[in-house]
S.K.: 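My questions will all concern the structure given below.
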Amino acid sequence: MMARIAHPNNLKKAFQRVKRNKGAAGIDRMTVEDLFTYLQGHGRQLRQCLSRGLWKPTPVRRVLIPKPCGGERKLGIPTALDRMVQQAIQQVLQAEWEPRFSAYSYGFRPYRSAHQVISQAQLYMKDGYNWVVDIDLSKFFDRVNHDRLMAKLAEHIEDKDVLRLIRRFLKSGVMDNGLVKPQAEGVPQGGPLSPVLSNIVLDELDRTLENRGLRFVRYADDCRVFVKSKKAGERVMASLVKLIEGKMKLKVNHTKSAVDRAWKRPFLGYSFTRDGRKTLATKSGKRFKDKIRQLTRKGGRSLEQRLEGLNRYLQGWKNYFREVETSTEFEHFDCWIRRRLRSLLWYQWKRSPKRYKELRKQGISDKLTRQTVASGKGHWRVSRSPALHMALPNSWFDKLGLIRLLAA
DNA sequence: ACTGACACTAC
RNA sequence: AUUGUAGUGUCAGU
């Protein structure tokens with residue numbers, strides 16, 4: 001197995017991945033650009049180090065980033081070289097474990113997306129499994145138990161060198177303002193290997209759920225079991241908490257876990273309606289609006305630049321809107337964006353008559369009366385000020401991805 | 001078929 | 001200088 005990891009082809013792929021990600025440097029300040037020149041000199045040496053089981057990982061660099069919902073996320077950034085080695089292991093480990101993972105585990109796995117999880121959840125709901133046991137693990141990556149993880153790995157890996165190498169990565173420690181602290185638990189958030197390791201640890205949970213014949217899906221540490229009654233849910237919850245906190249030595253986040261009706265718990269950015277359709281979760285909708293607001297704020301940039309930015313952002317959301325099954329919500333966002341744009345245009349017109357002339361050339365006019373505008377020719381009317389009635393042709397809005405979506 | 005850039009989402 | 005995996009989208013190139 002170590003032969004496969006240290007194989008030149010595997011290492012080359014690992015290097016390319018690290019390079020493509022353009023990540024920051026680790027504790028040794030070696031950037032991904034330096035990595036190539038380093039490898040030209042020391043590539044052979046690295047390979048030998050690995051295949052003899054002599055590779056010594058460097059401690060990870062501690063970085064704190066704010067989480068979107070408040071709080072901080074502790075990152076552990078390995079050196080570029082270590083990232084490459086971890087990536088090499090990841091490639092082999094992922095291929096090895098992929099067939100063994102549960103069909104209902106979706107996080108961090110190739111060819112599996114958040115949308116598939118949602119669809120599966122909807123299937124359960126359609127069969128009448130309306131109650132959901134929502135289990136969230138607190139600080140999941142940081143609390144992975146090393147011994148349990150190594151035991152899981154040892155079940156399928158015979159190569160002692162590989163096991164030792166992974167153990168060294170787990171124990172390599174954190175450099176926090178000049179001091180190396182050893183790590184008793186957890187996988188570094190930021191290590192290429194960490195996601196697949198997390199799946200290997202939680203595979204035990206999947207197996208238990210499967211053996212009990214329960215309907216469930218899992219996306220990383222977000223695990224949901226679908227049942228038919230509150231009572232059944234509470235029973236499942238109690239036994240799962242016992243399993244996770246006892247045998248698996250992990251911690252359940254009790255404030256974020258609950259037994260509730262499925263449509264009361266937003267899931268991966270979506271919520272469900274009572275009859276099981278998908279809508280945008282309020283939190284996601286809010287974030288979306290905030291960003292649009294920011295992109296259409298009055299100020300320096302030109303209209304074209306704004307449109308570019310808007311379009312790019314909307315394209316990122318395209319898939320989300322495509323999946324949403326409540327049309328009113330969709331129209332709501334569509335109207336809302338149009339309104340923002342119109343007020344922006346009005347503002348630009350007011351500031352610069354020259355600019356306004358250009359806009360008119362693009363088919364924007366203000367002279368039309370409201371009735372003909374609204375009905376006749378697919379124009380849109382705005383009465384931003386009593387004195388001004390500005391109209392935008394629909395074709396102009398077509399530049400925006402969201403609007404194109406509406407038409408399709 | 002493959003590669004690259006830039007976004008966005010989930011955790 | 002803010003990391004990682006996975007997914008999706010737009011564009012560009014051989």
S.K.: What's the separation between atom CG in Asp34(A) and atom CG in Leu81(A), rounded to the nearest 0.5 Å?
M.R.: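 Rounded to the nearest 0.5 Å, the CG-CG separation comes out at 11.0 Å.
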S.K.: So, is the end of the Arg215(A) side chain (NZ or CZ) under 6.0 Å from the ring centre of Phe226(A) and within 45° of the ring's axis?
M.R.: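 Cation-pi check for Arg215(A) and Phe226(A): fails.
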S.K.: Tell me whether Arg218(A) is salt-bridged to Asp222(A), with the criterion being a basic N under 4.0 Å from an acidic carboxylate O.
M.R.: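 So Arg218(A) does not pair with Asp222(A) through a salt bridge.
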S.K.: Could you state the atom-to-atom distance from CD of Gln16(A) to C1' of dC2(B) in whole Å?
M.R.: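 Those two atoms, CD and C1', are 12 Å apart.
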S.K.: Give the stems involving RNA chain C, where a stem is 3 or more consecutive Watson-Crick or G-U wobble pairs (i with j, i+1 with j-1, and so on) under 3.5 Å.
M.R.: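 Runs of three or more consecutive pairs: B:1-11 with C:4-14.
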S.K.: Does CZ belonging to Arg235(A) count more than 12 external heavy atoms closer than 6.0 Å?
M.R.: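 Incorrect, the count does not exceed 12.
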S.K.: Consider the side chain of Pro110(A), meaning its heavy atoms from C-beta on, and name the nucleotide among dA5(B), A6(C), dC11(B) that approaches it most closely.
M.R.: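 So the nucleotide nearest the side chain must be A6(C).
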S.K.: If I take atom CD1 in residue Ile200(A) and atom P in nucleotide U5(C), what distance separates them, rounded to the nearest angstrom?
M.R.: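 Taking CD1 of Ile200(A) and P of U5(C), I get 16 Å after rounding.
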S.K.: Which whole number of Å gives the distance between the P atom of dC6(B) and that of U3(C)?
M.R.: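 It works out to 13 Å between them.
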S.K.: Please pick, from A6(C), dC11(B), G4(C), the nucleotide with the shortest atom-to-atom distance to any side-chain atom of Gln90(A).
M.R.: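 Closest nucleotide to the Gln90(A) side chain: A6(C).
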S.K.: Can you tell me if the side-chain N/O atoms of Lys22(A) get under 4.0 Å from OP1 or OP2 in dA5(B)?
M.R.: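 Yes, because at least one side-chain N or O of Lys22(A) sits under 4.0 Å from OP1 or OP2 of dA5(B).
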S.K.: Between Phe108(A) and Tyr219(A), how do the two ring planes meet: parallel, tilted or perpendicular, split at 30° and 60°?
M.R.: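 Judged by the thresholds at 30° and 60°, the geometry between Phe108(A) and Tyr219(A) is tilted.
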S.K.: Please state how far atom CD1 in Ile118(A) lies from atom C1' in U8(C), giving the value in whole angstrom units.
M.R.: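 Value for this atom pair: 14 Å.
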S.K.: Write down the distance between CG (Asp136(A)) and C1' (dA10(B)), rounded to a whole number of angstrom.
M.R.: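 Those two atoms, CG and C1', are 13 Å apart.
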S.K.: Quick one: Arg20(A) CZ to G4(C) P, roughly how many Å, whole number?
M.R.: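 After rounding, the reported distance stands at 12 Å.
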S.K.: Can you check whether Tyr104(A) and Phe216(A) have ring centres sitting under 6.0 Å from each other?
M.R.: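 Aromatic pair counts; centres sit under 6.0 Å.
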S.K.: Is Arg293(A) atom CZ crowded by more than 12 heavy atoms from other residues, nucleotides or ligands, each under 6.0 Å away?
M.R.: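 More than 12 within 6.0 Å, yes.
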S.K.: Without decimals, in angstroms, what is the distance between Phe101(A) CZ and A6(C) P?
M.R.: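 Taking CZ of Phe101(A) and P of A6(C), I get 12 Å after rounding.
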S.K.: Can you measure His115(A) atom NE2 to dA10(B) atom C1' for me and round it to whole angstrom units?
M.R.: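 In whole Å, dA10(B) C1' lies 9 Å from His115(A) NE2.
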S.K.: Between G4(C), G7(C), dA5(B), which nucleotide gets closest to the side-chain atoms of Tyr111(A)?
M.R.: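 Closest nucleotide among those given: G7(C).
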S.K.: Gln87(A) has a side chain; which of U3(C), U5(C), dC8(B) sits nearest to it?
M.R.: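 The nucleotide sitting nearest to the side chain is U5(C).
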S.K.: Counting only side-chain heavy atoms from C-beta out, which of dC11(B), U5(C), U3(C) sits nearest to Arg17(A)?
M.R.: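 Nearest to the side chain of Arg17(A) among the choices is U5(C).
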S.K.: Looking at the side chain of Leu268(A), which of dC11(B), G7(C), U3(C) is the nearest nucleotide?
M.R.: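 The nucleotide sitting nearest to the side chain is dC11(B).
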S.K.: Counting only side-chain heavy atoms from C-beta out, which of dG4(B), U2(C), G7(C) sits nearest to Arg61(A)?
M.R.: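 Shortest atom-to-atom distance from the side chain points to U2(C).
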S.K.: Specify the residue among Ala220(A) and Lys291(A) whose closest nucleotide of DNA chain B lies further upstream toward the 5′ end.
M.R.: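 Nearer the 5' end of the strand: Lys291(A).
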